[in-house]
Protein chains: 4
Amino acid sequence: MRESRPDTAAPAKRSRRKEARPAELLEAALALFVEKGYAATRVEEVAASAGVSKGTLFLYFPSKEELFKAVVRENAGRKLADAQREAAEHTGPTQDLVREYICRWWTEYGGTPAAGLTKLIISEAANFPDLALYYQSEVVQPAHDLLKHIVQRGVARGEFREVDPVLAAHLIVAPLVQLVTWRYSLAPCCPPEQLPDPLALLRLHADVVVRGLSVGAPGDGAAAPQPAAAPPAQPKP
Amino acid sequence: MRESRPDTAAPAKRSRRKEARPAELLEAALALFVEKGYAATRVEEVAASAGVSKGTLFLYFPSKEELFKAVVRENAGRKLADAQREAAEHTGPTQDLVREYICRWWTEYGGTPAAGLTKLIISEAANFPDLALYYQSEVVQPAHDLLKHIVQRGVARGEFREVDPVLAAHLIVAPLVQLVTWRYSLAPCCPPEQLPDPLALLRLHADVVVRGLSVGAPGDGAAAPQPAAAPPAQPKP
Amino acid sequence: MRESRPDTAAPAKRSRRKEARPAELLEAALALFVEKGYAATRVEEVAASAGVSKGTLFLYFPSKEELFKAVVRENAGRKLADAQREAAEHTGPTQDLVREYICRWWTEYGGTPAAGLTKLIISEAANFPDLALYYQSEVVQPAHDLLKHIVQRGVARGEFREVDPVLAAHLIVAPLVQLVTWRYSLAPCCPPEQLPDPLALLRLHADVVVRGLSVGAPGDGAAAPQPAAAPPAQPKP
Amino acid sequence: MRESRPDTAAPAKRSRRKEARPAELLEAALALFVEKGYAATRVEEVAASAGVSKGTLFLYFPSKEELFKAVVRENAGRKLADAQREAAEHTGPTQDLVREYICRWWTEYGGTPAAGLTKLIISEAANFPDLALYYQSEVVQPAHDLLKHIVQRGVARGEFREVDPVLAAHLIVAPLVQLVTWRYSLAPCCPPEQLPDPLALLRLHADVVVRGLSVGAPGDGAAAPQPAAAPPAQPKP
DNA sequence: CATGAATGAGCGTTCATTCAT
DNA sequence: TATGAATGAACGCTCATTCAT
């Protein structure tokens, strides 16, 4: 709760601040909504955290609900287009595409303050169905579609096994989502040694999921019926 | 909102109900807390949903907060012991153990109403730190420890690659958690064809993660640092 | 809050108790109403204190308000008739009558549990105007009238100075009322040495007020209009 | 219940009111608490009586209990210091000091709205032990000590008989307290002719108690050991 | 008669929202 | 434009009262 912002180099403080107000309020609101939930966050807290009074907040957002929706809209799906273009243009192995996707996800979302949005949506989806729909169609669906296409490409090129691309997309996404929901919920209660390093986790995830999806000897004696001694005969002729 | 319960064979209706009340209230509270969140759920709704009046709820739980805590405690970590015993006694391939774990998780938790608890904890952990701690130490930690040991066993027996067991545990858990959080948040907004069949998803997950962890040809020429020529020398000498 | 009354010698406990119930409830109610006030006393407390359940209380008193009124009526003005007869028959000095009155007041009321009634009436008079009226006409008025007549007798017989009998009655009563209101309000907070012995206080009060009302040398050269000729023989040289 | 205060000359109405609000609320609260008791007074009534809404009250007092405590603290023992200084400096007869004390008590407390505080404390002492302690030590004790010293002075200077100063202090105070408790409890129910004029009562009280305490012929044939031969010379024929 | 589970009107308190300054 | 005093609807909780057992 910063009381007096130093504001590095402040020319014409008032007017400069005025333009930044909505953004500052959204930033403060995101942090508080993520931390305490929508209902438990008082608008006065948001205003104070942004360094303005309660009344001023209502000058920019007509209601708490609209503020919340603005927070979601502001932080949802901004950098998706890039990823999509990239995926379309990529020509290398699909495995690399998956790795690239996971990596970009972290730098563009998972590692930014916007990541809290995930927890927020999970918590409030039922109370703001239209927001949930918006998030679903604007963020989740495109991301899943992108992944689905990547997986389909992998399958089509014979790099991946024949898997349901929708399910595979879920599997690729799950640890990412899990990483941020954890971070904003139980992580503060965990003994530090239990908290995995995000980058290490993502690297292993990419490794495991790519291995798991790729064709090749499974090394799994259980489900895949394979002749015990079966040095991966390198399928895919 | 059932008004008059038929009550198959009712000896001393009043007292019979008395004993059932706490469980009925907890059930109703779990559903509503999961659906709308703690703050947005009115105690009167919980009471009505359990077929009693507001005042009656307070006969059994001294406050809304205590009701919430009881909901969590009641639904948290009940069947864990079984899974642990099973894991300790298992003698087959570790891959089977992992599959078994995922399968059991679904039948004992993910597929039951208690699964909503996961979303609840994620949403409210910051507002109920002691509950979060309780859940972390009673449910999350044991589950993770169990998985960690399973992975360690796999590594020790040469079935799994040399991976960080803590990270691997997270990877195994992530899609499970993701499955239920999704189910209680965005799923109701999804077009049905996007909703994956839970069992199919879990089956694929088990497949992929087991493959991904197991030693053997990865079919991934990119990141996994592997001596090109390294035909799994059949571990466990 | 006695839980299980031993009840010295209990023949046919149930039926014996049944008849005593109202009295026991009134006794318990008086104590609690006096201690905590009408509003802050819960009927369940009264019932528990009398060793019965909440429902039973309503078998004997139709409402909390009626219970309160019964408490007042039960304890108000019982022994007044005696004092009145006594006063009428008395033939000695009026000073003795006053002393006798004060003394009887203590043994018949001030020293009994009923004394708490005074505090109760003071506290609740505005909320129960009809009760206040009842108490005023049944207890206060007769007592004051009696005192007024006593004072008038003293004046008529030349024992007392010419004072307004109504005012004098108030002066005689004031320390009595004060004694009991204090006892049930601030006394529990007082350091013990500040708590005067009731009997000593009453003795001094009788002394002082009788002296103050009686004709004779005042020893006060200031205000009391006294016939110049009556030089107090200056005691205690 | 004034709706719109005229407010003679209003510069910056809003802020002017802001400063006056606590006092207005305290005044309204005192009156209502005195009239109906703490529990039976609803905060909304207090607010309405002060001309504001329920919510506004909580802007100035964090709870009903704190409002009550503020009422007591605000009205308790304000002019005590003056009386004490006066007593210390007084050089005339102690009898005059007592008269002066009684007189000042009326003008500074008994005749002001704060007098209701006495009834309030009597009624609620048991429910607010810390307040009772505060009142006891801040108001009652100093007042009693002052009176005790006055009486001791009178005894030391041979003006008063040898009486226990603590008891005497109680006797001096009793009619004062009685006057105000009566005023706020049963007085409204009394037929007007029964209501004594406060000033007349206090004058007679001063007269009687001073006479009663002073040395000199008691004119009381009973307790005070007096020279047998002192037949009340029948004054005022 | 006695019990105590159940009720629901009522109150204290919070907080999003308004608006005079 | 910015403020913060004021509002009042809404919610958590209590407790007098009822009634099935």
Taken in chain and number order and not counting sequence neighbours, the residues that satisfy side chain to side chain donor-acceptor pair (under 3.5 Å) with B:Thr41 are none
To the nearest angstrom, the CZ-C1' distance between D:Phe33 and E:dG12 comes to 12 Å
Writing each nucleotide of DNA chain E 5' to 3' as (, ), [, ], | or . by Watson-Crick or G-U pairing under 3.5 Å yields .||||||||||||||||||||
note: D:Leu32, atom CG; E:dC11, atom P; distance rounded to Å ~ 14 Å
Rounded to whole Å, the CD-C1' distance (B:Glu66 to F:dC13) equals 14 Å
query = Base, sugar-phosphate, or nothing: which does B:Val43 touch, judged by heavy atoms less than 4.0 Å apart?
reply = sugar-phosphate
- Decide yes or no for A:Val43 and A:Phe58: does some side-chain heavy atom of the first lie under 4.5 Å from some side-chain heavy atom of the second? yes
Of C:Leu57 and B:Gly55, the one whose closest nucleotide on DNA chain E sits nearer the 5' end is C:Leu57
Between B:Lys64 and A:Ser53, whichever has its closest DNA chain F nucleotide further toward 5' is A:Ser53
Separation of F:dC11 atom C1' from B:Phe68 atom CZ, nearest Å, is 18 Å
Discussion item. Does the plane of the ring in B:Tyr38 sit parallel, tilted or perpendicular to the ring in B:Phe33? Use 30° and 60° as the thresholds.
Written reply: tilted
How is B:Tyr60 classified with respect to the nucleic acid when contacts are heavy atoms under 4.0 Å: base, sugar-phosphate, or nothing? sugar-phosphate
Next on the checklist: Would the distance check show the side chain of B:Lys119 and the main-chain N or O of B:Val34 forming a donor-acceptor pair, the cut-off being under 3.5 Å?
Outcome noted: yes
A:Phe61 CZ to F:dT1 P, in whole Å, measures 14 Å
Could you work out the separation of F:dT21 and E:dC1 based on their C1' atoms and round it to a whole Å? 13 Å
Across all chains, not counting sequence neighbours, the salt bridge (charged side-chain N to carboxylate O under 4.0 Å, His left out) partners of B:Lys36 are B:Glu45
Q) Does a distance-only test, which skips hydrogens and angles, find a donor-acceptor pair under 3.5 Å between the side chain of D:Lys54 and the base of F:dT7? A) no
From CD of B:Glu44 across to C1' of E:dA6 the rounded distance in Å is 14 Å
Side-chain atoms of C:Phe58 come closest, of F:dA5, F:dT14, F:dA16, to F:dA16
Between D:Leu59 and B:Tyr38, whichever has its closest DNA chain F nucleotide further toward 5' is D:Leu59
When rounded to whole Å, the CG to C1' distance for the pair C:Leu25 and E:dC1 reads 14 Å
Which of B:Leu30, B:Leu57, B:Val71, B:Val52 passes side-chain contact (heavy atoms from CB on, under 4.5 Å) with B:Val46? Answer is B:Leu57
Ranking F:dC13, E:dT7, E:dG12 by distance to the side chain of D:Arg42, first place goes to E:dG12
### Query
Can a side chain N or O of C:Thr56 be found less than 4.0 Å away from OP1 or OP2 on E:dA2?
no
Taken to the nearest 0.5 Å, the spacing of D:Arg73 CZ from D:Lys69 NZ works out to 6.5 Å
